[in-house]
Protein chains: 2
Amino acid sequence: MAATIKDVAREAGVAVCTVSFAVNGSAHVAEATKKRIFDAIEKLNYRPNQSARGLVTKKTNNIGLVVEDTVDGLENTILLDVVKGLGEATGDNNYDLLLSFQKPSTNKLADHLLDVYRKQSADGLILMGAAINQPYGELIKNRFPFVLLGRPAMPGVCHSVNADNEQGAYEAVKYLIGKGHRRIALITPCSLEVDASLDRYNGYRQAMEELGGGFDERLVEIGSFEEDSGYTETEKLLNGVERPTAIIAGRDVIASRVVEKAQELGYKVPEDLAVIGFDNTAVSQLARPSITSIELPMRQMGLEAAKLLMQLIDGEIRFDDIQTIVLPCTVIEREST
Amino acid sequence: MAATIKDVAREAGVAVCTVSFAVNGSAHVAEATKKRIFDAIEKLNYRPNQSARGLVTKKTNNIGLVVEDTVDGLENTILLDVVKGLGEATGDNNYDLLLSFQKPSTNKLADHLLDVYRKQSADGLILMGAAINQPYGELIKNRFPFVLLGRPAMPGVCHSVNADNEQGAYEAVKYLIGKGHRRIALITPCSLEVDASLDRYNGYRQAMEELGGGFDERLVEIGSFEEDSGYTETEKLLNGVERPTAIIAGRDVIASRVVEKAQELGYKVPEDLAVIGFDNTAVSQLARPSITSIELPMRQMGLEAAKLLMQLIDGEIRFDDIQTIVLPCTVIEREST
DNA sequence: CTGAAAGCGCTTACAG
DNA sequence: CTGAAAGCGCTTACAG
């Protein structure tokens with residue numbers, strides 16, 4: 001039904017390969033001939049069949065995006081920004097996005113990931129989420145281009161793009177110190193993606209040592225992924241000997257609970273207690289007072305990941321020349337500080 | 001580099017077509033032979049090359065998902081639920097999702113949409129968003145399977161899956177009446193997707209007439225997509241002659257502004273004023289008090305859309321046998337009512 | 001600058 | 001139940 005290259009060639013009165021040359025710019029074609037060809041293409045609404053083209057060029061022009069469906073729906077909002085960034089980068093380069101969004105429980109994720117590679121339905125892969133660990137081996141062995149996105153770098157092993165969580169936490173402390181705070185506490189979520197939490201903890205600690213006159217472990221509470229994580233930690237901190245004037249929470253949700261509990265205990269935010277969250281999700285915008293938060297540049301991360309992957313695919317960057325891109329976080333100021 | 005069907009045939013000591021038959025179950029193969037073949041496949045990590053297969057079968061096993069990037073980031077959360085639903089339906093059927101997420105401004109969307117069809121990179125299309133109108137013609141003329149998702153049905157023209165916004169609004173009124181309310185107001189957002197707002201308005205009106213003892217237009221305010229839409233409308237309603245005891249807002253964001261303004265004016269929620277939002281987004285969960293909201297079954301909509309599309313692709317449903325699937329909304333009860 | 005031909009990796013009648 | 005062969009729609013050396 002759909003027009004083929006043969007139809008175009010017949011319509012334009014040229015050989016099939018001439019059409020191919022004109023379409024791909026892979027050889028010079030006389031202007032007059034070109035015009036006839038493009039007129040025919042226009043008339044027939046011809047587009048090269050992707051399967052046929054892919055079969056001979058060994059390229060699909062697809063980028064596979066494999067995402068682990070996290071338990072926490074809220075964090076998924078972030079995914080959309082990433083997808084936008086990816087879209088920006090790929091759209092201009094005629095790449096399409098092959099999306100796989102699976103629960104981490106089954107090993108469907110790993111299976112699918114490998115399938116994309118084995119079936120050759122994409123030219124490269126972008127991997128998001130925490131627990132996809134096993135299948136890298138086959139990809140690496142066969143030098144199949146892939147980029148880890150939003151995960152701590154595995155130095156020397158995989159290409160990766162991530163936010164600088166350490167710097168983000170550092171900035172948070174710096175910002176609070178600029179506001180005159182000295183006793184700054186941290187509630188870190190005992191996250192599954194332990195690494196991001198660790199980076200944030202390290203950034204906090206370093207900033208406290210360098211700028212805050214020393215690190216005091218009594219100002220650190222370990223939260224959890226529990227529904228109401230944040231309440232008890234806040235109470236503990238506010239009733240402690242070293243009552244903090246500011247609390248940095250490892251996640252926006254926790255930050256909103258800090259605010260609630262503080263108000264409940266009679267403290268005013270931000271007057272008596274400043275609060276900063278992490279990730280700049282909807283929570284921080286919608287809370288009353290709205291909550292200052294550390295924004296991760298998800299969109300730019302998506303953009304950079306796609307760019308990197310395309311360079312890997314095109315051979316502009318060698319597979320073994322492992323790239324580790326780390327992008328800075330920003331303090332988004334709101335009412336809570 | 002990757003193993004081909006020839007390699008498998010050689011390894012198993014059979015003809016190429018026998019491998020194909022075994023893999024696809026398209027002809028009977030002796031058990032012993034099968035075993036040798038699958039052993040070889042396992043050993044070589046063989047998967048049929050999608051391009052080659054697609055070229056001959058005229059099937060890509062891809063479903064194209066074309067989404068218009070709305071201005072309102074919040075509403076995009078909904079998209080993820082849809083994607084999950086799609087994933088559920090397609091994952092089990094060996095379909096992949098080809099995602100295109102573009103701004104509505106350019107006509108990139110329409111171009112991309114047609115490209116997917118013309119390049120034959122997907123077997124069918126799911127379309128989300130408001131303003132994609134032009135390109136349906138070519139798809140329909142060529143009987144290319146596609147489903148409109150979350151958009152008002154175009155009866156007799158396109159297959160579609162949508163939420164029953166009318167019923168949702170009706171339920172909201174019914175629920176409030178059950179709580180003893182009589183003067184129930186509506187603030188409708190003057191949305192671009194005018195149709196959903198209209199449906200909600202109609203549902204509200206019908207319910208008021210049937211259950212609420214009559215429709216009173218003084219209880220209806222037309223909001224807007226402005227940043228702070230909701231404040232003035234609330235003030236107007238609460239200061240009016242027919243002061244309502246409950247307000248239904250056409251969007252959760254507006255509902256949250258209704259709550260704020262009401263509290264500011266000294267009314268207690270829900271004691272003095274009950275508030276219901278629409279869409280059950282993060283806003284309604286995070287507001288204090290949390291806001292009762294009408295949930296659209298986005299995940300199920302995605303599921304149904306994918307199922308429908310696959311049936312269309314497989315020819316189980318004829319292209320001309322236009323399907324219009326409408327799924328009911330649910331009241332999610334929270335603190336505001 | 002353009003044409004005839006081979007081949008990419010599959011599937012599918014067609015024989016046997 | 002299995003094999004040899006044609007063909008899907010492209011691209012790409014190879015001639016001319």
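These numbers were taken from a predicted model, which means no experiment stands behind them. Keep in mind that the numbers below use all heavy atoms, side chains included, and drop hydrogens, waters and symmetry copies. Here is the naming used below: chain letters follow the sequence lines, and residue numbers restart at 1 for every chain.
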Scan for side chain to side chain donor-acceptor pair (under 3.5 Å) pairs involving residues 306-315 of chain B, sequence neighbours excluded, and state none if there are none. none
Return each pair, listed once, that meets side chain to side chain donor-acceptor pair (under 3.5 Å) where at least one residue sits in residues 52-64 of chain A; pairs must be two or more places apart or across chains.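 Matches after skipping sequence neighbours: A/N24-A/R53, A/K59-A/Y95, A/T60-A/D123.
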For the aromatic rings, using the six-membered ring if either is Trp, is the centroid distance between A/F146 and A/Y117 under 6.0 Å? no
Hey, is the side chain of A/K58 poking within less than 4.0 Å of OP1 or OP2 on C/dG9, counting only N and O atoms?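 Yes, A/K58 has a side-chain N/O under 4.0 Å of OP1/OP2 on C/dG9.
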Could you give all pairs that pass the salt bridge (Lys or Arg N to Asp or Glu O under 4.0 Å) test and reach residues 10-21 of chain A, with sequence neighbours left out?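 Output for this query lists A/D7-A/R10, A/E11-A/K43.
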Just grab all the salt bridge (Lys or Arg N to Asp or Glu O under 4.0 Å) pairs involving residues 12-21 of chain A, residues at least two apart or on different chains.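 Found none.
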Contacts of type side chain to side chain contact (heavy atoms under 4.5 Å, CB included), residue A/A12, not counting sequence neighbours: A/V14, A/R36, A/I37, A/A40
Partner residues of A/D321 under the salt bridge (Lys or Arg N to Asp or Glu O under 4.0 Å) criterion, sequence neighbours left out: none
Are any non-hydrogen side-chain atoms of B/I325 and B/L308 less than 4.5 angstrom apart?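 Yes, close enough: below the 4.5 Å cut-off.
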Can you tell me the distance, in whole Å, between the [atom1] atom of [X] and the [atom2] atom of [N]?
X      : N      : atom1 : atom2 : result
B/K6   : D/dA4  : NZ    : P     : 12 Å
A/R118 : C/dG9  : CZ    : C1'   : 18 Å
B/D7   : C/dG9  : CG    : P     : 9 Å
B/R53  : C/dT12 : CZ    : C1'   : 13 Å
B/L55  : D/dA6  : CG    : C1'   : 13 Å
B/I5   : C/dC10 : CD1   : P     : 6 Å
B/Q120 : D/dC8  : CD    : P     : 13 Å

Partners of A/D115 by side chain to side chain donor-acceptor pair (under 3.5 Å), sequence neighbours excluded?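 If we apply the side chain to side chain donor-acceptor pair (under 3.5 Å) test to A/D115, skipping adjacent residues, the hits are B/R47.
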Using side chain to side chain donor-acceptor pair (under 3.5 Å) as the criterion, list what pairs up with A/R118, not counting sequence neighbours. A/E138, B/N45
Using a cut-off of strictly less than 4.0 Å between a heavy atom of the residue and any atom of DNA chain C, enumerate the qualifying residues of residues 39-52 of chain A by number. none
Nucleic acid contacts of residues 14-38 of chain A, taken as heavy-atom distances under 4.0 Å to DNA chain D: A/V16, A/C17, A/S20, A/F21, A/N24
Who are the ring pair (Phe, Tyr, Trp, His ring centres under 6.0 Å) partners of B/F38, not counting sequence neighbours?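 Residues passing ring pair (Phe, Tyr, Trp, His ring centres under 6.0 Å) with B/F38: none at all.
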Got a minute to check which stems DNA chain C is part of, using Watson-Crick or G-U wobble pairs under 3.5 Å, three or more consecutive?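 The stems that DNA chain C takes part in, listed by first number, are C:1-3 with D:14-16, C:5-12 with D:5-12, C:14-16 with D:1-3.
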